[in-house]
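As structure tokens, the structure follows; a few thoughts come after it.
Within every chain, numbering begins at 1; the chains are lettered A, B, ... in the order of the sequence lines, protein sequences first and strands thereafter.
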Protein chains: 2
Amino acid sequence: MTGTERPSLVEQCRDNGWRITGQRRVILDVIEKTDDHPDVEELHRRIRGIDPGVNIATVYRTLNKLADENLIERHMFDDGRLRYEPAPDAHHDHFIDVETGEVIEFVSEDIERMQDEIARKHGFEIVSHKLEIYVKRRP
Amino acid sequence: MTGTERPSLVEQCRDNGWRITGQRRVILDVIEKTDDHPDVEELHRRIRGIDPGVNIATVYRTLNKLADENLIERHMFDDGRLRYEPAPDAHHDHFIDVETGEVIEFVSEDIERMQDEIARKHGFEIVSHKLEIYVKRRP
DNA sequence: TTTGCAAGTGCGAATCATTTGCAACAAAGA
DNA sequence: TCTTTGTTGCAAATGATTCGCACTTGCAAA
């Protein structure tokens with residue numbers, strides 16, 4: 001048997017007191033199916049594939065609200081646009097393939113631990129962090 | 001005695017075939033004196049303090065050219081504007097104090113080493129990387 | 001089931017940092 | 001000094017994101 005399922009985004013939003021509109025249903029649905037790191041334009045493209053009437057301003061507003069409540073994660077890599085992914089179960093960092101633009105997730109307990117240590121040494125407490133490694137495939 | 005001095009930015013630019021105009025002399029001078037991570041507006045403010053006639057478009061153009069030739073380093077932290085610092089002698093990463101906006105540099109050989117290792121494990125070669133730790137001061 | 005109304009939406013205009021086109025200007029080599 | 005190009009200032013363009021506002025719609029309470 002599988003572990004406890006996380007409630008759907010729609011349910012989580014309803015719990016947070018959001019009105020579930022037709023547009024939001026579509027937007028949340030698309031996000032839930034996301035297994036990459038699309039930017040707003042790409043998300044809007046996917047959303048329009050289901051309901052062509054959803055305005056991009058609505059997409060922006062919804063994404064901001066979701067990110068504010070930590071229901072999705074927002075990134076900005078070196079191309080300068082915002083990219084989104086569903087809230088991950090566990091923190092991870094990213095490789096970005098500079099040749100293809102592909103984003104690959106990775107986890108390193110060791111690196112996390114060293115960050116804590118060095119922050120502590122400097123008298124800081126970590127609020128969040130971002131590690132992006134720009135790479136190319138080794139021949 | 002001190003080690004070999006790095007040639008001034010003006011000299012480096014001249015070596016790269018740039019024309020050394022009055023504006024550039026001022027811009028390069030201000031950058032050379034920089035020991036923080038100012039954004040373009042702040043740099044322009046400092047430059048205007050010396051020569052009020054330097055247009056911000058010129059500042060942008062010069063910064064881009066410098067960054068293209070790796071004579072300065074460009075960052076974009078979570079506030080969404082470009083910030084610059086003189087090309088560092090050695091790679092370092094950044095703490096960003098979320099309460100004050102202050103940027104603090106740090107170096108960790110250990111973290112660098114682990115990044116190499118994990119990249120290798122994934123079949124990648126590192127092109128560059130960026131580690132930003134958003135922190136607040138520990139009480 | 002209807003209704004009231006605050007929350008949500010579409011649309012176009014506004015914003016903000018950054019870039020660009022172009023005519024005037026000025027380094028630097030001949 | 002003259003000539004050739006690279007640079008500059010200015011204003012207009014860009015491109016991603018946000019905002020104002022009139023219209024619409026979920027949904028709680030009647």
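Near DNA chain C, meaning a heavy atom under 4.0 Å away, the residues from residues 79-86 of chain B are B:Arg81, B:Leu82. Residues of residues 37-51 of chain B having a heavy atom closer than 4.0 Å to DNA chain D: none are found.
Distance from the side chain of B:Thr58 is smallest for D:dG9 among the nucleotides C:dT9, D:dG9, C:dG12. Across C:dT9, D:dT17, D:dT8, the shortest atom-to-atom separation from the side chain of B:Arg61 is found for D:dT8.
Using a 4.0 Å heavy-atom cutoff across all strands shown, B:Gly53 reaches sugar-phosphate atoms only and no base atom. Among the protein residues, A:Arg24 comes within range of the sugar-phosphate backbone only, with heavy atoms under 4.0 Å from sugar or phosphate atoms but none that close to a base.
Considering only heavy atoms from C-beta on, B:Ile31 comes within 4.5 Å of B:Leu9 through its side chain. With a 4.5 Å cut-off on side-chain heavy atoms, B:Gln23 and B:Arg61 do not count as touching. Taking 4.5 Å as the limit, every side-chain heavy atom of A:Arg74 sits out of range of all side-chain heavy atoms of A:Glu85.
Counting to the nearest Å, the P atom of C:dA27 and the CG atom of B:Leu28 are 14 Å from each other. Between the CZ atom of A:Arg14 and the C1' atom of D:dA28 there is a distance of 14 Å, given to the nearest Å. Across the protein-nucleic acid pair, A:Ile20 atom CD1 and C:dA6 atom C1' stand 16 Å apart, rounded to whole Å. One atom, CZ of B:Arg74, and another, C1' of C:dA17, lie 13 Å apart when rounded to the nearest Å. Rounded to an integer number of Å, the gap from B:Trp18 CH2 to C:dA28 P is 13 Å. Per the geometry, NZ belonging to A:Lys65 stands 9 Å off C1' belonging to C:dG8, to the nearest Å.
Taking the six-membered ring for Trp and the full ring otherwise, the centers of B:His94 and B:Phe77 sit less than 6.0 Å from each other.
Using cut-offs of 30° and 60° for the angle between ring planes, the B:His75 and B:His37 rings count as tilted. In this structure, B:His122 and B:Phe124 have parallel ring planes: the angle between them is below the 30° cut-off, well short of the 60° mark.
Ion pairing of A:Glu132 with B:Lys130 is present here, as a side-chain N (NZ or NE/NH1/NH2) and a carboxylate O approach within less than 4.0 Å. No salt bridge links B:Arg25 with B:Asp29; every basic N to acidic carboxylate O contact stays at or beyond 4.0 Å. No salt bridge links B:Glu41 with B:Arg83; every basic N to acidic carboxylate O contact stays at or beyond 4.0 Å.
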Exercise. For B:Asp36 and B:Glu42, what are the C-alpha separation, side-chain angles and deciding distance, and is it a side chain to side chain contact (heavy atoms under 4.5 Å, CB included)?
Worked result: CA-CA 11 Å; B:Asp36 51 356; B:Glu42 173 58 22; 5.7 Å; no
For this session: Please report the C-alpha distance between B:Asp110 and B:Arg113 in whole Å, then the side-chain angles of each, then the deciding distance to 0.1 Å, and finally whether the salt bridge (Lys or Arg N to Asp or Glu O under 4.0 Å) criterion is met.
Result: CA-CA 5 Å; B:Asp110 290 337; B:Arg113 204 171 314 114; 3.1 Å; yes
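One finds no side-chain N or O of B:Tyr60 lying less than 4.0 angstrom from the OP1 or OP2 phosphate oxygen of C:dT19. Proximity of A:Gln23 to the phosphate of C:dG10: a side-chain N or O atom is located under 4.0 Å from OP1 or OP2. Put simply, B:Thr21 has a side-chain N or O that comes within less than 4.0 Å of OP1 or OP2 on D:dT8. Between B:Asn55 and D:dC10, a side-chain N or O to OP1/OP2 separation shorter than 4.0 Å is present. Of the side-chain N and O atoms in B:Asn64, one or more sit less than 4.0 angstrom from OP1 or OP2 of C:dT19.
Within the helix from C:dT1-D:dA30 to C:dA30-D:dT1, the inter-axis angle between the opening and closing five-pair segments is 30°, rounded to 10°.
How far CG of B:Asp68 is from CG of B:Leu63: 10.5 Å, rounded to the nearest 0.5 Å.
If B:Arg19 and B:Ile56 are placed on DNA chain D by their nearest nucleotide, the residue sitting closer to the 5' end is B:Arg19.
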